[in-house]
Amino acid sequence: MTMKITYLVAAATLGLAGCAVAPSDGKGTPPAGIAALAGDYNLARTECGQPNSLTSLSVTGGNFRFYESSCTVSSYDQTTGDAVLACTGEGSNFTRNVRLESAPGELHMTDDGVTLTYLSCAAPDAQRTIDAAGAAARSAAITASVM
């Protein structure tokens with residue numbers, strides 16, 4: 001029972017659903033599950049809203065816009081969070097194989113063994129709601145794992 005509860009809490013927290021790899025349809029429609037990641041993020045919350053921040057990330061649909069590059073999700077596995085990003089930046093095209101994990105108010109991106117935690121740049125009231133939801137989810141996960 002404890003394992004089931006822990007799994008359900010973890011799945012709800014990470015926003016995972018389904019098992020198949022969802023490819024892009026080539027028409028700008030993001031793969032299933034990516035739309036839930038939409039928002040503006042930054043590695044430093046104090047940099048949120050700064051137009052020239054070197055550590056910003058904006059996710060819209062299937063597009064990831066970094067400071068000097070932009071990427072389109074070409075495939076996404078909702079079960080593992082593995083994504084293939086087709087990118088352009090600084091005069092070249094390249095592919096990034098990343099793992100994406102969401103948590104309330106955060107987006108964790110693992111690329112080449114390094115995990116970066118992007119913080120949501122949501123408005124302060126929205127961020128308080130996100131932070132409270134995250135605390136409740138962590139508390140439920142801890143409670144479930146001790147039972």
Side-chain angles (χ1 to χ4, degrees), residues 6-145:
T6 302
Y7 175 76
L8 291 173
V9 170
T13 301
L14 297 176
L16 302 175
C19 297
V21 173
S24 173
D25 64 2
K27 299 177 185 171
T29 304
I34 291 292
L37 303 177
D40 293 319
Y41 301 89
N42 205 300
L43 294 176
R45 197 174 311 277
T46 57
E47 291 287 310
C48 284
Q50 300 297 319
N52 295 319
S53 174
L54 302 177
T55 57
S56 65
L57 167 63
S58 180
V59 180
T60 306
N63 299 307
F64 284 59
R65 180 168 296 282
F66 299 90
Y67 176 69
E68 290 185 333
S69 63
S70 60
C71 305
T72 301
V73 178
S74 57
S75 70
Y76 178 65
D77 184 325
Q78 294 182 80
T79 303
T80 64
D82 292 339
V84 176
L85 305 178
C87 304
T88 59
E90 298 185 11
S92 63
N93 296 323
F94 53 96
T95 301
R96 292 177 69 180
N97 296 303
V98 299
R99 173 161 288 167
L100 303 169
E101 297 177 90
S102 64
E106 300 177 349
L107 172 60
H108 305 277
M109 180 182 294
T110 303
D111 187 358
D112 200 23
V114 176
T115 301
L116 298 175
T117 298
Y118 285 92
L119 305 171
S120 174
C121 291
D125 287 342
Q127 189 58 49
R128 278 193 286 281
T129 301
I130 290 169
D131 291 343
R138 284 189 294 279
S139 176
I142 291 168
T143 302
S145 66

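Quick note: numbers below take in every heavy atom, side chains included, and nothing from hydrogens, waters or symmetry partners.
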Separation between [atom1] of [X] and [atom2] of [Y], rounded to the nearest 0.5 Å:
{"X": "L119", "Y": "E47", "atom1": "CG", "atom2": "CD", "value": "11.5 Å"}
{"X": "N63", "Y": "I34", "atom1": "CG", "atom2": "CD1", "value": "10.5 Å"}
{"X": "L116", "Y": "E106", "atom1": "CG", "atom2": "CD", "value": "12.0 Å"}

Looking only at heavy atoms, what is the nearest atom pair of [X] and [Y], with distance?
{"X": "M109", "Y": "F66", "value": "CE-CZ, 3.9 Å"}
{"X": "L107", "Y": "V59", "value": "CD2-CG2, 4.4 Å"}
{"X": "Y67", "Y": "S53", "value": "CD1-O, 3.3 Å"}

| Ring-face cation contact, F64 with R96, 6.0 Å cut, 45° max |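 Verdict for F64: no cation-pi partner in R96.
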So, does R45 use its side chain to make a donor-acceptor pair with the main chain of S120 at under 3.5 Å?
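Flag set: sc R45 to bb S120 pair under 3.5 Å.
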Exercise for the section: Determine whether the side chains of N42 and S56 contain a donor N or O and an acceptor N or O closer than 3.5 Å. Expected result: no
When you check the side-chain N and O atoms of T88 and N93, is any donor under 3.5 Å from an acceptor?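 Judged by distance alone, the side chains do not pair up.
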Qualifying residue, where the test is side-chain contact (heavy atoms from CB on, under 4.5 Å) with L85 and the options are C71, S74, S70: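 Going through the options one by one, the only one that passes is C71.
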>> A side-chain contact here means heavy atoms from C-beta on lying under 4.5 Å apart; do Y76 and L100 qualify?
In response: yes
_In the structure I gave you, are the side-chain heavy atoms of L43 and Y118 within less than 4.5 Å of one another anywhere?_
yes
Salt bridge (charged side-chain N to carboxylate O under 4.0 Å, His left out) filter on R65, not counting sequence neighbours, yields none
* Applying the side-chain hydrogen bond (donor to acceptor under 3.5 Å, both in side chains) test to R99, which of T115, T110, D111, D82 qualifies? ->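 Among T115, T110, D111, D82, the one that satisfies the side-chain hydrogen bond (donor to acceptor under 3.5 Å, both in side chains) with R99 is D82.
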